[in-house]
Amino acid sequence: MMKPTNCLIRGLVPALLVGLLSHIPVASAAETALDRVVAIVEDDIILETELQRRSDIIRQQIAKRNTRLPDNDTFTRQVLSKMIIERIQMQKAAEQGIAVSDAELNNTLDRIAESNGLTLPEFKAQLEQEGQNYLEVREQIRTEMLLARVQERVVNQRVQVTEQEVKNFLASEQGKKSTEVQLNLSHIMIPVPNGATSEQLIAATSHAREVYQRLLNGEDFGQVAIAVSKSPEALKGGEIGWRKPSELPEAAAEALASLDKGEMTEPFRVGGGFHILKVNDKRGGQKQMIDQAQVRHILISPNQIRSAEESELQIRELFRRLNRGEDFAVLAKQFSDDPGSGSKGGELGWVMDGQMVPEFESTMHATATGEISPPFQSQFGWHILQVTDRRQQDFGKQMLENEAYQTLRKRKYTEGLSNWLREIHAQAYIEKKL
């Protein structure tokens, strides 16, 4: 009975196909030609229409940067090569179960739109106005997120930086330069005429000392710079931005060597004039004094049995009890919903900027040492905090080591990524038909 059935099926399939195809619009010869395969990548293919759309997007991006394109054949081969290595990586991501959800993609698109000062609908409209397909751009962003994830997962496993490598880097000439202190400077220049006479030199020296005295008397450096300086940055209040001492004339570097933030040099002569430099800010270097606060807190969080309103009522009741003199540590141990600090009487230890959520940090800064803050809300619930002490701690050595570690890790990551991409390209079956 099976054989006749198979014959019947074989007879029906062509007829069904004819019936289905009769309802599909027939493509022109040109349209059919556009859909030819231009590359086979393992078990995937790249169509000419895909290559053309991707090329158009990249052309628009390059045009915005006012960069000249190579000839069309070279450009197309470059785009195809990029698409091939992307397809290989996407296959690796699929093998490892790496994906980007719609929710994650939507959040990224929201951030991109916001960074351009637009809402997501405005961002979409702008893309379409520029001739780009929003859905294609959306999927390209998903692809880029996916590529970043698979690269990070694979390459990070290959990257290791040892303690000895960090020490060697810091001792090297490159390490010393990369960790050199940077100064944010403002500048006033009092010119000395070319071939100045002794009288002119005395006058310029006297003028520079007068300007310096005005600054010592409290006049604003920026206003004085605009009024008297003859440097190129005079109209910007003398601001010249961040500089390393090694980038400055030797006399300037020597004059700045012992200065702290807010201090300025006495007038010194370099080249065609007398100069006064002010240190607006400092970063990097061997010494990095960081403000820290010793803090304890009580956290009351909404949960299944306590609503947000009830949480607020409870934290305000605890605030009243603290103001009546009850012990902070005792109440924290009894009521705080922070498992890490609650058992220690609310103690969080020494805290510096960047460790806590913004609401906590702003309240911490606004609370005097020894005082208890009014209740405030963060994403975790309702808090009361107390600042028990403040100090400045030198994190220079630790920060230099962290910077050196990150520098070495980025260098190794770049090398590792390049090696991995070459490996997977060499191992993949690729057939170009362009």
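The first residue of the sequence shown is numbered 1, and numbering continues consecutively from there.
Without hydrogens or angle criteria, Asn116 side chain to Leu118 main chain gives no donor-acceptor distance under 3.5 Å. Side chain of Gln355 to backbone of Met352: a donor-acceptor contact under 3.5 angstrom is found. The backbone N or O of Glu104 sits less than 3.5 Å from a side-chain atom of Thr108, completing a donor-acceptor pair. Using modelled atom types, one side-chain atom of Asp337 and one backbone atom of Ser301 make a donor-acceptor pair closer than 3.5 Å. In this structure, Ser172 contributes its side chain and Phe169 its backbone to a donor-acceptor pair below 3.5 Å. Not a single donor-acceptor pair under 3.5 Å links the side chain of Ser336 to the backbone N or O of Gly346. Thr363 places a side-chain N or O within 3.5 Å of a backbone atom of Glu359 that can act as its donor or acceptor partner. One N or O on the side chain of Glu50 and one on the backbone of Leu47 form a donor-acceptor pair closer than 3.5 Å. Here the side chain of Arg243 pairs no donor or acceptor atom with the backbone of Asn184 at under 3.5 angstrom. Put simply, the side chain of Thr388 gets close to the backbone of Gln294: a donor and an acceptor are under 3.5 Å apart.
Shown here are the side chain to side chain contact (heavy atoms under 4.5 Å, CB included) partners of Gln213, two or more places apart in sequence or in another chain: Leu216, Asn217. In this structure, the side chain to side chain contact (heavy atoms under 4.5 Å, CB included) partners of Glu130, at least two apart in sequence or on a different chain, are Lys64, Gln126, Leu127, Gln132. In this structure Asp44 satisfies the salt bridge (Lys or Arg N to Asp or Glu O under 4.0 Å) test together with Arg87, sequence neighbours excluded. When the side chain to side chain contact (heavy atoms under 4.5 Å, CB included) test is applied to Ala204, the partners found at least two apart in sequence or on another chain are Val192, Phe274.
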Item to complete: Apply side-chain hydrogen bond (donor to acceptor under 3.5 Å, both in side chains) to the pair Gln52 and Asp56, showing each step before the final yes or no.
Response: CA-CA 6 Å; Gln52 185 60 52; Asp56 290 343; 3.1 Å; yes
Fill in: Stepwise side chain to side chain contact (heavy atoms under 4.5 Å, CB included) test for Ile46 and Val37
CA-CA 6 Å; Ile46 299 175; Val37 173; over 6 Å; no
Practice prompt. Evaluate the criterion side chain to side chain contact (heavy atoms under 4.5 Å, CB included) for residue pair Gln151 and Gln89; output intermediate values, then yes/no.
Written response: CA-CA 8 Å; Gln151 289 170 4; Gln89 292 176 82; 2.7 Å; yes
Practice prompt. Decide yes or no on side-chain hydrogen bond (donor to acceptor under 3.5 Å, both in side chains) for Asp353 and His365, but give the supporting numbers first.
Written response: CA-CA 10 Å; Asp353 285 352; His365 291 315; 2.8 Å; yes
Worksheet item: Given the rule in the salt bridge (Lys or Arg N to Asp or Glu O under 4.0 Å) test, do Lys433 and Glu48 qualify, once you have shown the distances and angles that lead to the verdict?
Response: CA-CA 10 Å; Lys433 295 179 174 291; Glu48 190 167 15; over 6 Å; no
Practice prompt. Start with the C-alpha gap between Met356 and Val351, add the side-chain angles, then the distance that decides, and say whether side chain to side chain contact (heavy atoms under 4.5 Å, CB included) holds.
Written response: CA-CA 8 Å; Met356 299 295 180; Val351 174; 3.7 Å; yes
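What you find for Ala99 and Leu146 is that their closest heavy atoms are CA-CD1, 3.7 Å. The minimum heavy-atom distance between Ser373 and Thr367, with the atom names listed, is CB-OG1, 3.6 Å. Residue Ser55 comes nearest to Phe75 through the heavy atom pair O-CZ, 3.7 Å, listed as atom of the first residue, atom of the second, then distance. Nearest heavy-atom pair, Leu147 versus Val150, reported as atom, atom and distance to 0.1 Å: O-CG1, 3.2 Å. The minimum heavy-atom distance linking Ala225 with Gly238 is given by the pair CB-N, 3.8 Å. Of all non-hydrogen atoms in Ile188 and Ser229, the two that sit nearest each other are CA-OG, 3.6 Å.
Checked for salt-bridge contact, Glu136 and Arg53 meet the test: a charged N lies under 4.0 Å from a carboxylate O. Using a 4.0 Å cut-off between a side-chain N of Lys or Arg and a carboxylate O of Asp or Glu, Lys82 and Glu86 qualify as a salt bridge. Between Arg142 and Asp102 a salt bridge is recorded (basic side-chain N to carboxylate O distance below 4.0 Å). In summary, Lys278 and Glu239 do not engage in a salt bridge, as defined by a charged side-chain N under 4.0 Å from a carboxylate O.
Side-chain contact check for Leu105 versus Arg138: some heavy-atom pair is nearer than 4.5 Å. Inter-residue side-chain proximity for Val181 and Pro245 is flagged as met; some heavy-atom pair is nearer than 4.5 Å. Using a 4.5 Å cut-off on side-chain heavy atoms (C-beta onward), Phe221 and Ile276 make contact. Counting heavy atoms from C-beta outward, Ile300 and Arg306 have side chains that approach closer than 4.5 Å. Within the 4.5 Å cutoff, no side-chain heavy atoms of Met145 are placed close to those of Ile98. You'll find the side chain of Leu277 reaches within 4.5 Å of the side chain of Leu256, heavy atoms only. Between Leu51 and Met83, the closest side-chain pair of non-hydrogen atoms falls below 4.5 Å. A 4.5 Å side-chain heavy-atom check between Leu69 and Arg59 finds at least one atom pair inside the cut-off.
His297 contributes atom NE2, which lies 12.5 Å from atom CE of Met364 (distance to the nearest 0.5 angstrom). In this structure, the separation between CE on Met264 and OH on Tyr212 is 5.0 Å, given to the nearest 0.5 Å. Of the inter-residue distances, the one linking Gln386 atom CD with Thr369 atom OG1 reads 10.0 Å to the nearest 0.5 angstrom. One finds the NZ atom of Lys261 at 4.0 Å from the CG atom of Asp281 (value rounded to the nearest 0.5 Å). Considering OH of Tyr134 and CD of Glu139, their distance stands at 9.5 Å, rounded to 0.5 Å. Between atom CZ of residue Phe123 and atom CD1 of residue Ile112 there is a gap of 5.5 Å, rounded to the nearest 0.5 Å.
Under the salt bridge (charged side-chain N to carboxylate O under 4.0 Å, His left out) criterion, no residue pair touches residues 68-80, with sequence neighbours excluded. The salt bridge (charged side-chain N to carboxylate O under 4.0 Å, His left out) analysis of residues 154-164, with sequence neighbours excluded, yields the pairs Arg158-Glu423, Glu163-Lys167.
The number of heavy-atom neighbours closer than 6.0 Å to CD of Gln78, taken from other residues, nucleotides and ligands shown, is 12 or below. Annotation: Lys124, atom NZ; neighbour count of heavy atoms from other residues, nucleotides and ligands within 6.0 Å does not exceed 12. Residue Gln60 qualifies as enclosed at atom CD: its count of foreign heavy atoms under 6.0 Å is above 12.
For the residue pair Glu415/Ser418, the side-chain donor-acceptor check at 3.5 Å is not satisfied. Remark: the Gln164 side chain and the Asn168 side chain contain an N/O donor-acceptor pair separated by less than 3.5 Å. Of the N and O atoms on the side chains of Glu233 and Ser231, at least one donor lies less than 3.5 Å from an acceptor on the other residue.
By the 30° and 60° cut-offs, the orientation of the rings of His187 relative to His275 is parallel.
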